[in-house]
Visitor: 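First the structure, then my questions, so here it is.
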Amino acid sequence: MAKRIEDFEVIDNKRINNDFFILDLFSVNKLPDIKPGQFLQVKVDGSPETFLRRPISMHDVDYDNNAIKLLIQIAGKGTETLSKLQNGDILNIIYPLGNSFSIPGVKEKVLLVGGGCGIAPLLYLGKWLKSIGIAPDILLGFRNSERIIEYDEYLKIGKVFLTTEDGSRGEKGFVTAHSILSTLKYDRIYCCGPDSMMKAVAMYSRKNNIVCEVSLENLMACGIGACLCCIVETVKGNLCTCIDGPVFNINDLKW
Amino acid sequence: MAKRIEDFEVIDNKRINNDFFILDLFSVNKLPDIKPGQFLQVKVDGSPETFLRRPISMHDVDYDNNAIKLLIQIAGKGTETLSKLQNGDILNIIYPLGNSFSIPGVKEKVLLVGGGCGIAPLLYLGKWLKSIGIAPDILLGFRNSERIIEYDEYLKIGKVFLTTEDGSRGEKGFVTAHSILSTLKYDRIYCCGPDSMMKAVAMYSRKNNIVCEVSLENLMACGIGACLCCIVETVKGNLCTCIDGPVFNINDLKW
Amino acid sequence: MVNLGFSIGDLHFKNPVMTASGTFGYGPEFDDFLDVSRLGGIVVKGTTMEPREGNLYPRMAETPSGMLNAVGLQNKGIDYFETNLYPCISEYDTNIIVNINGSYVADYVQLAERINSLEKIPAIELNISCPNVKMGGMAFGTNLDSAREVTKAVRSVYSKKLIVKLSPNVTNIADFARVVEEEGADSISLINTLLGMSVDVVKMRPALSTITGGLSGPAIKPVALRMVWQVAKAVRIPVIGMGGIMTTSDALEFLLAGASAVQIGTASFIDPQASVKILEGIEKYLIEKGFSDIKDIVGFINRTC
Amino acid sequence: MVNLGFSIGDLHFKNPVMTASGTFGYGPEFDDFLDVSRLGGIVVKGTTMEPREGNLYPRMAETPSGMLNAVGLQNKGIDYFETNLYPCISEYDTNIIVNINGSYVADYVQLAERINSLEKIPAIELNISCPNVKMGGMAFGTNLDSAREVTKAVRSVYSKKLIVKLSPNVTNIADFARVVEEEGADSISLINTLLGMSVDVVKMRPALSTITGGLSGPAIKPVALRMVWQVAKAVRIPVIGMGGIMTTSDALEFLLAGASAVQIGTASFIDPQASVKILEGIEKYLIEKGFSDIKDIVGFINRTC
Ligand SMILES: Cc1cc2nc3c(=O)[nH]c(=O)nc-3n(C[C@H](O)[C@H](O)[C@H](O)COP(=O)(O)OP(=O)(O)OC[C@H]3O[C@@H](n4cnc5c(N)ncnc54)[C@H](O)[C@@H]3O)c2cc1C
Ligand SMILES: Cc1cc2nc3c(=O)[nH]c(=O)nc-3n(C[C@H](O)[C@H](O)[C@H](O)COP(=O)(O)OP(=O)(O)OC[C@H]3O[C@@H](n4cnc5c(N)ncnc54)[C@H](O)[C@@H]3O)c2cc1C
Ligand SMILES: Cc1cc2nc3c(=O)[nH]c(=O)nc-3n(C[C@H](O)[C@H](O)[C@H](O)COP(=O)(O)O)c2cc1C
Ligand SMILES: Cc1cc2nc3c(=O)[nH]c(=O)nc-3n(C[C@H](O)[C@H](O)[C@H](O)COP(=O)(O)O)c2cc1C
Ligand code: FES
Ligand code: FES
């Protein structure tokens, strides 16, 4: 599927809390086929500190309206600049990039696990799973109840389980401490979140013989396999997160 | 008079033609005394190419409303960014900088000569002259009739004479070719415009024994006499345009 | 029509815009964005005899108007290149140049011999300037004797066009240029990255796994331009300039300063079409300024002052 | 309260933030914007024996995240300094350091002798790194023997604190650091500007009257930081780091890499209050990170890796 470089127009910029906002982007062109887990590289104008593009996951894709949604966490200068975009502003984007989450077997019981901005790719993944007849469970971890975002969106896809670190909502602790992991048996887990979360989920999956894929957020320069900056050590040697990933089966990682 | 660093709010941004626009800026603080010929250094955010501040003359000063007006020509990235400012945007400014035009004798016959963005400092100068009882004549040069700007504003100060290079309005040719220079005898000329115009006016003034001051637009880094980048060769050695100028008596220049 | 072509000896380039090693993969990475065959040449990723895994992650840090990289010549080695990459990229209708690297002189020589026999590779770029490897690389490019030795050794086995890529991390770049010219280089390319560093003040540790890395991007353009100007005055062979070229205007600065051609590096990460846009821009500039041949502007500033 | 002070031998600085020579005039230029006495020190404009008019206009060109200058040490000479500037600036309650320059070793020696007798000047900064003069300047700072000779000569006549300011335009900066330490320097400051160049493609000529000039600003920060790190590991005397420091975070990078203090240069042109803002920021960082003394973070990254 050919990569493109294209201008998108901001049609909505919704702040959801102190840290997160959702950008709705519209293209005059028909969207190409975008697979769950893929990402884009956006050019952030306005500062010498945002020299390179910023990689952001496809949070949702609306083929009917040639629109995509991004869920973004303010992490630094680049994402801060993006958070201030107004309707009508133009963003230059390279997409769709990267591989995608694998297709589960029809009978498989699937769990999506996410935390922080790592929940971003899981919405589109969930919708896509639903469209092929799989209703995944969703386990989301947040620091506290005030940080919970997009809950209602995920509810539309499947059952949602929550953990908060302070126990202010859902179960207390990290995602891997959630009781669902000890009561239900999943065939496949898709996970995206902070490294520590992904590693814990990987350990759990390995121990319980569950197929597990994680989506990495390595630092990237090009996003198209040209610079070799975004590598991750795998059993096949150093692979590029941007073209061989961002989704990796944990069996390939040296975790 | 103490220099300040202050945030101003854009209260109006009026495009006057393809190349020029006028920015109205408002300060919450009471303006200091600003002398005609002085300038400010504005920080232009938004690009690694506008690393340094940009020097811009005081086009008009409104003490009652703590507002200043800038007349700006789009010359490159920095001025282009400024041209896109919207009401409510904030600009960081260092001001008032530089010396000023000298005070003419009460009986002197004064001519202001300007071209291009060089007409910017002449409006405030003209108003100030008027306020001390001198009604200067004003001679403005433009490429053609379509490029004439601010004509009505200058009319409020004194008689306005025009030249256009193509003769589409006013007299044809450069300012120094205007008949007024051969028919009237001025005591003092204040000039700001392209180097070639200022040099021609200086030559005319010297020949006719007219006191002449020009306002230079040398490249500047700091604007406050710290970097020594903005120098002009004078009979007193290299002087800084930003503190010893921007206004120089032509007798001091090695023109 | 303006003539954009230039030559290194009898090797003709249809235009002066190439892509820089390590920033354009092998070409196919950019097929979706541009017609690679429109370029004057492409210099493929740094290649070594043996496969290399390169340095540990993190290998990249963003800096003001630039980036640091510490890739460390990750590549699959010459065997893989010959078997898997060469057949597919030799279809491009442009000059494909292989950037060669080694820890010892013998590595460079072996590689040059191997590549000499690849019909569709008309030139090599001898990289004596990689700052990201423990052995070889920049060590050759920052010592005049080593630079001489490796150039001489490679020249003795390599019969096609030999481009030597210089390191900017030296006191006097012109000395290096003269030495490699003396030893038979057909062309000189510069600059490779400046050795730099970045610290993560939140984590209180170096941003790169290797602590130091190579600085590229617009930040280095003034230094690159100065060195290209110095080298172009010091040698007779064609100079290929690079370092921070993002726009047509940047490329023109190098040509006006004396470069016969340019390479586009980091710019391709931000705009994968940068190289062809710059190519189009140069042509437009020549037309607007009324020149009919790119040669008319090469070194122009040296003629007038 | 955190301790921000540091010392060069027995010379105490109340905090590690100074201003860099040539970017802060003599101090009074900034009186309207900040209380100069809050700074750890100020290094005044490069001074020579005789008055100098410096280079022709244009002397400045903006570059991506940086600027080129070719001021060429314009100053009114030591006599004028002594008579007119010294009396007024010695009122500041901070360490005033004079940056000294010459074409010959003898010039440096004479200047050092003169300044030795100025009571309120506790240190000189020996500038062997100015890229913008035809004679002297960087020539001393890019040749080990010359660097040694001038340092030794000045040391023999100057009894207060001798800071030597190094040029980054060398292959191995640590060698220069070791040489000047050997010859008795009390401290090393770096980096001066990188030699760079810019071309005006519309006018088809160099942007500077001198063709090349000195590059400063954020663009050079990664190179400066790398060199400061290399030098701090190579010598025992305190290192004063500079090059592209615009923010607190930039200054912290230098401290974490091994600088005992920093100088703020070009930043003062864009924000005349940059130096005091950075000073405040460093104090805040120390408090937030739970350190009680600036020394706790100097060279921190070298302890952990
Ligand atoms: C494939 C991929 C998909 C991503 N999807 C999303 C998403 O959907 N929503 C979202 O909010 N974020 C996502 N990220 C992370 C996002 O790219 C970074 O947060 C962003 O680049 C930071 O830019 P900044 O200028 O705001 O911060 P900077 O000032 O550049 O850095 C701030 C902090 O963020 C870290 N950081 C910088 N770049 C990256 C990066 N590429 N990945 C991770 N951390 C980084 C820095 O190390 C630093 O600690 C994704 C990253 C990758 C690689
Ligand atoms: C004291 C003073 C007062 C000025 N007053 C005004 C004014 O009232 N209105 C106005 O429109 N302009 C004024 N200028 C000129 C204005 O500063 C420049 O046009 C502006 O800095 C260009 O910035 P840029 O980023 O748009 O262009 P750049 O991309 O930086 O440069 C575009 C072109 O403008 C030239 N240029 C850059 N900086 C300057 C400079 N400082 N002076 C002259 N030319 C420059 C460049 O050499 C280049 O040819 C004044 C300049 C000075 C020194
Ligand atoms: C990620 C990256 C990898 C690079 N790899 C190589 C390489 O393998 N061989 C080489 O000679 N130069 C390599 N370079 C240097 C570039 O070819 C070029 O010399 C340098 O980046 C300066 O140009 P630029 O500023 O346009 O990028 C690499 C640069 C980058 C940024
Ligand atoms: C306009 C200008 C003038 C300078 N003059 C001097 C000087 O006289 N003596 C000196 O040692 N360094 C001089 N420098 C170099 C600075 O002191 C400093 O080393 C350099 O600019 C790097 O720091 P920065 O990036 O923070 O500016 C000058 C720099 C600039 C920009
Ligand atoms: S980001 Fe460049 S190869 Fe992955
Ligand atoms: S602009 Fe710095 S001294 Fe005038």
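Bear in mind that the values here come from a model prediction, so they are computed numbers and not experimental data. So you know, we letter chains A, B, ... as the sequences are listed, proteins then strands, and number each from 1.
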Visitor: With chain A as the partner, which of C/Gln273, C/Glu29, C/Gln74 has the greatest number of non-hydrogen pairs under 4.5 Å?
Guide: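 Sorted descending by pairs with chain A, the first entry is C/Gln74.
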Visitor: Taking it one step at a time, do C/Gln263 and C/Ser189 satisfy side-chain hydrogen bond (donor to acceptor under 3.5 Å, both in side chains)?
Guide: CA-CA 9 Å; C/Gln263 286 181 17; C/Ser189 62; 4.6 Å; no
Visitor: With rounding to the nearest 0.5 angstrom, report the NZ to CD1 distance, C/Lys76 to C/Ile78.
Guide: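 So the gap between those two atoms works out to 14.5 Å.
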Visitor: Does any backbone or side-chain atom of A/Gln41 lie under 4.5 Å from a heavy atom of chain C? Answer side chain, backbone, both or neither.
Guide: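 A/Gln41 has no heavy atom closer than 4.5 Å to chain C.
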Visitor: Sort out for me which of C/Pro51, C/Pro272, C/Gly66, C/Gly25 touches chain A most, counting heavy-atom pairs under 4.5 Å.
Guide: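 Answer, by heavy-atom pair count under 4.5 Å with chain A: C/Gly66.
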Visitor: Thinking salt bridges, do C/Glu62 and A/Arg54 make one under a 4.0 Å N-O criterion?
Guide: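 A salt bridge is present here (some side-chain N lies under 4.0 Å from a carboxylate O).
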Visitor: Do the charged groups of A/Asp33 and A/Lys35 touch, with an N to O distance under 4.0 Å?
Guide: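 Here A/Asp33 does not pair with A/Lys35 in a salt bridge, since their nearest N and O are not under 4.0 Å apart.
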Visitor: May I ask you to test the C/Ile89-C/Lys120 pair for a side-chain heavy-atom distance under 4.5 Å?
Guide: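 Result no, sub-4.5 Å side-chain heavy-atom pair not found.
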Visitor: Using non-hydrogen atoms and a 4.5 Å limit, figure out which bit of C/Thr23 sits close to chain A: side chain, backbone, both or neither.
Guide: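 Backbone of C/Thr23 only, per the 4.5 Å heavy-atom cut-off to chain A.
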Visitor: Return the option, out of C/Pro64, C/Ser268, C/Pro218, with the maximum number of heavy-atom pairs under 4.5 Å with chain A.
Guide: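 Going by pairs under 4.5 Å, I would pick C/Pro218.
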Visitor: Looking at A/Ile94, A/Ile231, A/Asn92, which makes the most heavy-atom pairs under 4.5 Å with chain C?
Guide: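 Looking at each of A/Ile94, A/Ile231, A/Asn92 in turn, A/Ile231 comes out on top.
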Visitor: For C/Thr266, which atoms come within 4.5 Å of any heavy atom of chain A: side chain, backbone, both, or neither?
Guide: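 It is the side chain, since no backbone atom gets that close.
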Visitor: Only pairs of heavy atoms separated by less than 4.5 Å count here; which of A/Ile224, A/Ile5, A/Asn218, A/Val232 has the most with chain C?
Guide: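 Answer, by heavy-atom pair count under 4.5 Å with chain C: A/Asn218.
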Visitor: Less than 4.5 Å to any heavy atom of chain A: does that hold for the side chain of C/Asn75, its backbone, both, or neither?
Guide: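 Neither part.
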Visitor: Indicate yes or no for a side-chain donor-acceptor contact from C/Ser21 to the backbone of C/Val44 under 3.5 Å, with no hydrogens or angles considered.
Guide: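 Yes.
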Visitor: Could you check whether atom CD of C/Glu50 has more than 12 heavy atoms from other residues, nucleotides or ligands sitting under 6.0 Å from it?
Guide: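 Not buried by this count: 12 neighbours or fewer within 6.0 Å.
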Visitor: Between C/Phe24, C/Tyr26, C/Phe30, C/Phe33, which residue shows the highest count of heavy-atom pairs closer than 4.5 Å to chain A?
Guide: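 Highest number of heavy-atom pairs under 4.5 Å: C/Phe33.
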